[in-house]
J.: 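Can you keep this structure in mind? I'll have questions shortly.
The analysis underlying the following values was restricted to heavy atoms, covering all of them including side chains, and did not include hydrogens, waters or symmetry mates. Every chain is numbered from 1 and lettered A, B, ... according to where its sequence line falls, protein lines coming before strand lines.
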Protein chains: 2
Amino acid sequence: MSQYGIRPSAQRVAIARYVLATDQHPTAEQVWSRVRATFPTVSRATVYNTLQLFKQHGLLLEHELGGGSAVFDPNVEPHHHFVDDETGEIRDIPWSAIAVGDVQLPDVQVREYSVVVRGRRADAP
Amino acid sequence: MSQYGIRPSAQRVAIARYVLATDQHPTAEQVWSRVRATFPTVSRATVYNTLQLFKQHGLLLEHELGGGSAVFDPNVEPHHHFVDDETGEIRDIPWSAIAVGDVQLPDVQVREYSVVVRGRRADAP
DNA sequence: CTCAGATTTAGACTTAATCTACATCTGTTG
DNA sequence: CAACAGATGTAGATTAAGTCTAAATCTGAG
Ligand SMILES: [Mn+2]
Ligand SMILES: [Mn+2]
Ligand SMILES: [Zn+2]
Ligand SMILES: [Zn+2]
């Protein structure tokens, strides 16, 4: 973590151990709840501040995909997302799984793009 | 509007006149603010309820694309979106402007998908 | 015209997120 | 080590989007 210019306080390490290792897409409140299980005194403000710090240093992405709260994503490589209509659960889709042609728009400098897919898990066949 | 099974009250007509005709992607608060200019007594609850009603009847889409609040979109045909990093402004991208290959995911019934592009307006050349 | 159901309203409430002011920690310097 | 300044963390207040409630008002079928 210090390799990224972030001083590794105990709180930051506890937050990192959860949020940088998950394959889910937790909200800030979910991160706070999880981290309090092992670090009961950590404050809400520290969790929100640390998530923004990690984001600014490129360790996390923040997405708004519906459900009313932002989610955090330690997978910082380009990829797409599937959002379950019923549960709101978010799953990663590998970049290679969807072919997207050139994204060039007039008068726009594109920073990033991705596909958001919505639907439901299919019933057993 | 009655063709969609919605009783056209004065409030609903005032809301529809703005939100079904705009080419922007206003938030509920922006809709409320705009509608109050011509209908000063309309309540916040009526605006939120009416937007959800229009959405349920297929007159509007609701998107969460960042910025902390949902936006409403009278363009209910499939299309993509560009989000300006600096201003948060949202612009439509025609469906035909981006080629997206097959979107098929294991165990998923896809309801809809689209591309979200982020970046900034290019400076004059 | 009546009145039951539909619609609207003001304001209370909930929740995500941010802010503030103060406390604590930590690394550096003498 | 001791002092201290800057960095970090904390509790609780605050903001803002959105929802809910209970009461008022409207409307059209009979
Ligand atoms: Mn929503
Ligand atoms: Mn919010
Ligand atoms: Zn992801
Ligand atoms: Zn649109």
Side-chain angles (χ1 to χ4, degrees), chain A residues 1-19 24-57 59-73 88 90, chain B residues 1-19 24-57 59-73 88 90:
Chain A
M1 192 156 71
S2 31
Q3 305 146 20
Y4 287 84
I6 299 172
R7 190 128 58 103
S9 70
Q11 288 89 339
R12 288 172 178 175
V13 169
I15 294 165
R17 272 205 232 283
Y18 170 61
V19 79
Q24 300 186 238
H25 293 79
T27 66
E29 297 288 324
Q30 287 170 337
V31 173
W32 188 34
S33 172
R34 277 301 210 107
V35 171
R36 265 184 303 170
T38 58
F39 200 134
T41 61
V42 72
S43 72
R44 181 199 307 266
T46 293
V47 170
Y48 277 83
N49 288 341
T50 300
L51 291 171
Q52 291 303 320
L53 186 74
F54 288 176
K55 177 183 163 188
Q56 283 156 15
H57 285 79
L59 294 165
L60 279 182
L61 294 176
E62 182 176 6
H63 308 296
E64 287 184 45
L65 293 170
S69 40
V71 299
F72 292 87
D73 186 348
I90 298 163
Chain B
M1 191 156 70
S2 32
Q3 306 145 19
Y4 288 84
I6 299 172
R7 186 122 67 99
S9 70
Q11 288 89 340
R12 288 173 179 173
V13 170
I15 293 164
R17 272 206 230 284
Y18 170 61
V19 79
Q24 301 187 237
H25 294 78
T27 65
E29 296 289 325
Q30 287 170 339
V31 173
W32 187 34
S33 173
R34 276 299 211 108
V35 171
R36 265 183 302 169
T38 59
F39 200 135
T41 61
V42 72
S43 73
R44 181 201 308 266
T46 294
V47 170
Y48 277 83
N49 289 341
T50 300
L51 292 171
Q52 291 305 319
L53 185 74
F54 288 176
K55 178 183 164 188
Q56 282 155 17
H57 285 77
L59 294 167
L60 278 182
L61 294 175
E62 181 176 6
H63 309 296
E64 287 185 44
L65 293 169
S69 40
V71 300
F72 293 87
D73 186 349
I90 298 163

J.: Return the value, rounded to whole Å, for the distance between atom NE2 of H63(B) and atom P of dG18(D).
T.: 14 Å
J.: Give one of base, sugar-phosphate or nothing for T46(A), where a contact means two heavy atoms less than 4.0 Å apart.
T.: base
J.: Could you measure the distance from the CD atom of E64(A) to the OG atom of S69(B)? Nearest 0.5 Å is fine.
T.: 8.0 Å
J.: Send over the distance from W32(B) CH2 to dG18(D) P, rounded to a whole Å.
T.: 13 Å
J.: Whole angstroms only, please: what is the OH-C1' distance between Y48(A) and dG12(D)?
T.: 15 Å
J.: Without decimals, in angstroms, what is the distance between N49(B) CG and dC20(D) C1'?
T.: 10 Å
J.: With a 4.0 Å limit, can you tell me whether Q52(B) has a side-chain N or O closer than that to the phosphate oxygens OP1/OP2 of dG18(D)?
T.: no
J.: Can you give the first and last nucleotides of DNA chain C, 5' to 3', that have an atom under 4.0 Å from a heavy atom of chain A?
T.: dA16(C) to dG27(C)
J.: If each of A28(B) and A10(B) is mapped to the nucleotide of DNA chain D with the nearest heavy atom, which maps nearer the 5' terminus, i.e. the 5' end?
T.: A28(B)
J.: I want to verify a distance call: between dT27(D), dA17(D), dG9(D), whose nearest atom is closest to the S69(B) side chain?
T.: dA17(D)
J.: As an exercise, state the distance from CG of D73(A) to CG of L59(A), rounded to the nearest 0.5 Å.
T.: 12.5 Å
J.: Show every donor-acceptor pair shorter than 3.5 Å between a side-chain atom in residues 43-50 of chain B and any protein atom, with sequence neighbours excluded, or say none if there are none.
T.:
from   : atom 1 : to     : atom 2 : distance (Å)
S43(B) : OG     : T46(B) : N      : 3.1
S43(B) : OG     : T46(B) : OG1    : 3.1
R44(B) : NH1    : E29(B) : OE1    : 3.1
R44(B) : NH1    : E29(B) : OE2    : 2.6
Y48(B) : OH     : E29(B) : OE2    : 2.7
N49(B) : ND2    : A45(B) : O      : 3.2
T50(B) : OG1    : T46(B) : O      : 2.7

J.: Closest-nucleotide mapping onto DNA chain C: is R44(A) or T41(B) further toward the 5' terminus? I mean the 5' end.
T.: T41(B)
J.: Whole angstrom is fine here: how far is it from CD in Q11(A) over to P in dG9(D)?
T.: 5 Å
J.: Does a side-chain heavy-atom distance below 4.5 Å link Q30(A) with F72(A)?
T.: no
J.: On DNA chain C, compare the nucleotides closest to E29(A) and A45(A); which residue's is nearer the 5' end?
T.: E29(A)
J.: Sequence neighbours left out, cut at 3.5 Å: what donor-acceptor pairs do the side chains of residues 31-42 of chain B make with other protein atoms?
T.:
from   : atom 1 : to     : atom 2 : distance (Å)
W32(B) : NE1    : V42(B) : O      : 3.0
T38(B) : OG1    : V35(B) : O      : 3.2

J.: For I90(B) and H25(B), which heavy atoms make the closest approach, and how far apart are they?
T.: O-ND1, 3.4 Å
J.: Which heavy atom of A70(B) sits nearest a heavy atom of E62(B), and at what distance?
T.: CB-OE2, 3.2 Å
